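Structure first, commentary second.
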Amino acid sequence: MCALNALAAIDELVGLDSVARIVRVVGYVASAEGFSGQPRVVNGASELLGKIFGEAGQHARSAVGVAELPLGAPVEVELTVELA
């Protein structure tokens with residue numbers, strides 16, 4: 001859902017056809033103490049971007065555990081894209 005929301009924001013700003021490639025994905029996951037599965041949570045965004053953009057969807061990635069996110073969100077995804 002986060003990746004789709006990020007893509008919708010990009011589409012509104014410049015259009016998805018303007019995206020040459022996905023450069024980087026940073027996923028922030030609200031996590032309880034001791035939880036270390038953040039990379040698995042962010043896999044969904046990475047896999048979706050790969051399916052949509054193919055080879056141009058391959059990217060660098062970070063998955064970060066945080067105590068809390070704004071508005072009580074469980075996950076936040078930040079995308080850096082290269083425009084054509």
Side-chain angles (χ1 to χ4, degrees):
M1 180 71 78
C2 292
L4 289 174
N5 287 339
L7 291 173
I10 292 167
D11 190 39
E12 185 161 322
L13 288 170
V14 296
L16 288 179
D17 291 337
S18 297
V19 176
R21 71 182 181 106
I22 306 298
V23 176
R24 187 178 76 153
V25 174
V26 180
Y28 300 94
V29 181
S31 304
E33 186 176 335
F35 179 72
S36 61
Q38 294 85 0
R40 288 189 311 263
V41 173
V42 182
N43 280 350
S46 291
E47 290 168 5
L48 176 68
L49 294 168
K51 287 181 181 180
I52 292 171
F53 293 100
E55 194 172 305
Q58 294 179 4
H59 53 269
R61 188 182 85 171
S62 298
V64 181
V66 297
E68 191 172 357
L69 288 166
L71 304 174
V75 179
E76 182 177 306
V77 170
E78 172 187 320
L79 299 182
T80 303
V81 301
E82 179 182 320
L83 301 178

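Quick note: residue numbers are just sequence positions, from 1. None of the values given here were measured: they were computed from a predicted structure.
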Q) Stepwise, does the side-chain contact (heavy atoms from CB on, under 4.5 Å) test hold for Val81 with Phe53? A) CA-CA 11 Å; Val81 301; Phe53 293 100; over 6 Å; no
Q: Can you see which heavy atom on Val64 is nearest to which on Gln38, and at what distance?
A: C-CG, 4.0 Å
Q. Mind checking whether Ile52 and Met1 sit in one hydrophobic cluster, side chains of I, L, V, M, F, W, Y counted as touching below 4.5 Å?
A. no
Q) Any idea which heavy atoms bring Ala73 and Ala30 closest together, and the distance? A) O-CB, 3.9 Å
Q. Given the rule in the side-chain contact (heavy atoms from CB on, under 4.5 Å) test, do Asn43 and Arg61 qualify, once you have shown the distances and angles that lead to the verdict?
A. CA-CA 10 Å; Asn43 280 350; Arg61 188 182 85 171; 2.9 Å; yes
**Q.** Electrostatic pair Glu78:Arg24 at N-O distance under 4.0 angstrom
**A.** yes
Q.
Show the nearest heavy-atom pair for residues Ala63 and Val42, with the distance to one decimal.
A. CB-CG2, 3.8 Å
Q. Where is the tightest heavy-atom contact between Ala20 and Ala56, given as atom of each residue plus distance?
A. O-CB, 3.4 Å
Q: From the options Val25, Leu7, Leu4, select the one residue that forms a side-chain contact (heavy atoms from CB on, under 4.5 Å) with Val77.
A: Val25
Q) Can you hop from Leu69 to Val29 via hydrophobic side chains spaced under 4.5 Å? A) no
Q. How long is the gap from OG1 on Thr80 to CD1 on Ile22, to the nearest 0.5 Å?
A. 9.0 Å
Q. Is any side-chain heavy atom of Leu49 less than 4.5 Å from a side-chain heavy atom of Leu79?
A. yes
(Q) Applying a strict under-4.5 Å side-chain criterion to I, L, V, M, F, W and Y, I'd like to know whether Ile10 and Val26 cluster together. (A) no
Q) So how far is it from Leu13 CG to Leu83 CG, rounded to the nearest 0.5 Å? A) 9.5 Å
